[in-house]
Amino acid sequence: MSEKSTTSSAAPGGMPGSSSGRRFSVEKPKNMGLTMRRLWGYLEKNRLGLFTVVLFILVNTAASLTGSYLLRPLINDYIIPKDVDGLLHMLGIMLVIYLAGATAAYLQSRFMIIISQKTVNEMRNDLFKKLQLLPLQFFDTNSHGELMSRFTNDVDLISESLNNSLTQIFTSVITLSGTFLLMLYISPLLTLVTLVMVPLMLFLASQVIKRSKNYFLAQQKAVGITNGYIEEIITGIKVVKVFGYEEKAETDFEKLNFDLRDKATKAQMFSGMMMPIMINMSTINYALTATIGGVLAVTRGLDIGGLASFLQYSRQFGRPINELSSQLNSLQAALAGAERVFEMMDQLPEPADAENAFKLTNVKGEVRFEGVSFSYSSDKVILHDINLSVKPGHKIAFVGSTGAGKTTIINLLPRFYDIQSGKITIDGIDIKDISRKSLRESMAIVLQDTHLFTGTVMENIRYGRLSATDDEVIHAAELANAHSFITRMPQGYQTTLDGDGSNLSQGQRQLLNIARATVAEAPILILDEATSSIDTRTEKLIDLGLNTLMQGKSTFVIAHRLSTVQNADEIIVLEFGKIVERGTHNDLMSGKGKYYQLYTGQFS
Ligand SMILES: Nc1ncnc2c1ncn2[C@@H]1O[C@H](COP(=O)(O)OP(=O)(O)OP(=O)(O)O)[C@@H](O)[C@H]1O
């Protein structure tokens, strides 16, 4: 590993920081109204539930407001006149009211959790469905991490916000208006005191928040960079050890870590100031209101009960405002998350099949490329005027230096990408007129990067054709030469593979891959030979397995091995997306051209 590559990707603003930092910075949705309407589209299916939640919120806030107000008659009518019976009666009523409020709060939160989980469950389903429909082009241009974060971070943001923010905002607004009206009712003059003090408190709070937010953003960025660095070193640990990079890595890490410590300290200090400031301000407010209230009680006949109720309200007044601003922030973040989710849902899927698309039956496997040109993006043509044909049961091999376009050619057959000009046909039918499902069913693919899914060996092979019986799977494994190693595994075909088959050797993974392609029983075979070297015994097994697999099938192979090219009916030599030579091994060898060079360099 070069020093440069390590440090550059951990530099500020690099990938690692940008995705994880998102959760903490408040990102604004681009089109708030539209996103809200679409979110409502999901929510409105639970109208009855939402209505119930609103009802519970009303009961809860009414109970809390009434409870505080009842202090007034409690003091005026029962405590001051020393009416013990009446006092107990009143306390009983207050108890019932508070209990009703608490029950409503509990039910409201339960209902809302059910609604929000149901909503995000539906969103995740829709998103996953969409994921399966998207063209490969989409995955080329979006990193896996980004896509994953739609499902994790963004959906989490939405569910958190539905759980809390939405109801909190509603509760805060009602509480705030109710409190204000009741305060005004008790004493307009005292309300004025609160109206001066509360904005002052909020202003101070907002100053602290503003400054600490900057520090928090800085902290978050530092966390992202540090994490990115750790991840890079862990994934590249072999390279680190082999090239003796440990010490340099340590020094680099210490620097990043120190920066993180510095920013985290500042962020925590500032946010730590918030609570004491607010508490002190609130105490001052309380004392001031009580003093002025006392004066009013003496001079203007404000009743003591009214004063007690008022003090209660005035203490509560700042809370919903604070609550409101923080919940609005989190709602905003959730809407930005929802927007990203909807953005992905809006991506164009693979174009639908034509209505009268062919369903292939009894495929013979004659494949032709006629004047095919292709580019991934409009600015660079990758394949130029490719013409080739494969007779049923024949094998065509592609060779050429890296980047020549071999993989691109085989990507076109299953229509992972659509060509811009020319025609590709199977048994004379243009693949554009064949339904994608039927087209893809007619071919089996063995790729270099053997992808295994979490599940048993049996399930992994059956991926090739879901309708295959156990016997067919075992038969395919036998043909692919995978049977003997599978039966030596602890639970044979029922052994669970996990983490992309990490408990298997490279060769074993390839054998499973071949078995999977074998069980598909497709007439066309696409093969990207593995370049990684495998011990000769396994290689023989793989060779045998592949030969069995290829029998009677039209095969397209990106060849890396001598035996493959030698057996091919035609070898196509590609250079910068053009066919520069073609013929059998012997033809091309005697031509002493590009193939001869490649051959003597690569396969010797
Ligand atoms: N998904 C993609 N999006 C854009 N360009 C791509 C994409 N895949 C490949 N290319 C470009 O197309 C060209 C041909 O790539 P291709 O993978 O077909 O080459 P290759 O012959 O298979 O190479 P290798 O032997 O290294 O696998 C390269 O220039 C590559 O940069």
Side-chain angles (χ1 to χ4, degrees), residues 15 131-147 344 347-351 367 369 371-388 390 395-422 424 431 436 440 443 445-451 506 509-510 513 524-534 542 546 555-565 568 570-582 588 593-604:
M15 264 299 288
L131 199 68
Q132 314 281 313
L133 297 176
L134 290 171
L136 278 185
Q137 201 105 43
F138 177 79
F139 296 93
D140 291 341
T141 43
N142 291 277
S143 78
H144 292 183
E146 276 291 306
L147 297 182
M344 187 161 150
Q347 292 292 325
L348 288 180
E350 283 187 302
V367 183
F369 279 56
V372 170
S373 295
F374 172 77
S375 52
Y376 287 102
S377 55
S378 51
D379 57 337
K380 190 175 161 211
V381 181
I382 301 286
L383 294 178
H384 307 261
D385 192 27
I386 301 290
N387 290 288
L388 50 91
V390 187
K395 179 160 88 172
I396 191 166
F398 297 95
V399 296
S401 36
T402 178
K406 306 176 295 283
T407 314
T408 306
I409 288 197
I410 62 169
N411 273 341
L412 299 179
L413 260 186
R415 283 186 73 189
F416 285 157
Y417 301 89
D418 278 330
I419 54 177
Q420 280 88 21
S421 64
I424 302 174
I431 57 170
R436 277 193 182 72
R440 288 171 188 171
M443 42 192 78
I445 303 190
V446 182
L447 293 178
Q448 274 199 41
D449 48 351
T450 49
H451 191 85
Q506 190 60 30
R509 292 152 57 94
Q510 277 173 23
N513 232 9
I524 298 169
L525 181 66
I526 296 172
L527 202 65
D528 190 356
E529 271 185 355
T531 41
S532 55
S533 48
I534 293 163
I542 291 176
L546 282 177
T555 306
F556 287 74
V557 51
I558 298 181
H560 293 292
R561 281 184 298 179
L562 180 59
S563 57
T564 318
V565 279
E570 189 176 29
I571 300 162
I572 304 274
V573 185
L574 284 169
E575 196 70 354
F576 300 114
K578 292 194 183 97
I579 300 180
V580 290
E581 276 174 34
R582 61 202 307 163
L588 294 175
K594 181 77 194 167
Y595 177 78
Y596 178 81
Q597 283 170 16
L598 273 174
Y599 174 83
T600 43
Q602 189 178 338
F603 299 119
S604 57

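Computed from a prediction, not measured in an experiment: that's the story for all the values here. Order of appearance sets the numbers: ligands from 1, and atoms from 1 within every ligand.
When non-hydrogen atoms are compared, ligand 1 lies under 4.0 Å from neither the backbone nor the side chain of Phe139. Both the backbone and the side chain of Thr402 come within 4.0 Å of ligand 1, counting heavy atoms alone. Both the backbone and the side chain of Thr408 come within 4.0 Å of ligand 1, judged by heavy-atom distances. Only side-chain heavy atoms of Lys380 come within less than 4.0 Å of ligand 1; its backbone N, CA, C and O stay farther off.
Glu570 meets the salt bridge (Lys or Arg N to Asp or Glu O under 4.0 Å) test with Arg582; sequence neighbours excluded.
Assignment of Tyr417 to the shell around ligand 1 is supported, since a heavy atom sits closer than 4.0 Å. Distances from ligand 1 to the non-hydrogen atoms of Ala404 include at least one value under 4.0 Å.
Considering only heavy atoms from C-beta on, Ser373 stays 4.5 Å or farther from Gln420 through its side chain. At a threshold of 4.5 Å between non-hydrogen side-chain atoms, the residues Leu134 and Leu348 do not count as touching. The shortest distance between side-chain heavy atoms of Ile410 and Phe416 does not fall below 4.5 Å. Looking at heavy atoms from C-beta onward, Leu525 lies out of side-chain contact with Phe556 at the 4.5 angstrom threshold. When side chains are defined from C-beta on, Asp528 does not count as touching Val446, because their heavy atoms never get closer than 4.5 Å.
When only non-hydrogen protein atoms are considered, atom 9 (C) of ligand 1 lies nearest to Tyr376 CE1, 3.4 Å. Among all non-hydrogen protein atoms, the one lying nearest atom 27 (O) of ligand 1 is Thr407 OG1, 3.5 Å. From the protein, the heavy atom lying nearest to atom 12 (O) of ligand 1 is Ile382 CD1, 3.2 Å. Asp140 OD2, 2.8 Å is the protein heavy atom nearest to atom 1 (N) of ligand 1.
In this structure, atom 30 (C) of ligand 1 is not in close contact with the protein, since no protein heavy atom lies within 4.0 Å of it. Put simply, atom 16 (P) of ligand 1 has protein non-hydrogen atoms near it, under 4.0 Å away.
In terms of N/O distances under 3.5 Å, ligand 1 is approached by Gly403. By the 3.5 Å distance cut-off applied to N or O atoms, Ile558 is not counted among the residues near ligand 1.
The salt bridge (Lys or Arg N to Asp or Glu O under 4.0 Å) analysis of residues 373-388, with sequence neighbours excluded, yields no pairs.
Side-chain contact, Thr408 with Tyr417: no donor N or O sits under 3.5 Å from an acceptor N or O.
Using a cutoff of 4.0 Å between basic side-chain nitrogens and carboxylate oxygens, Arg440 and Glu350 are scored as salt-bridged.
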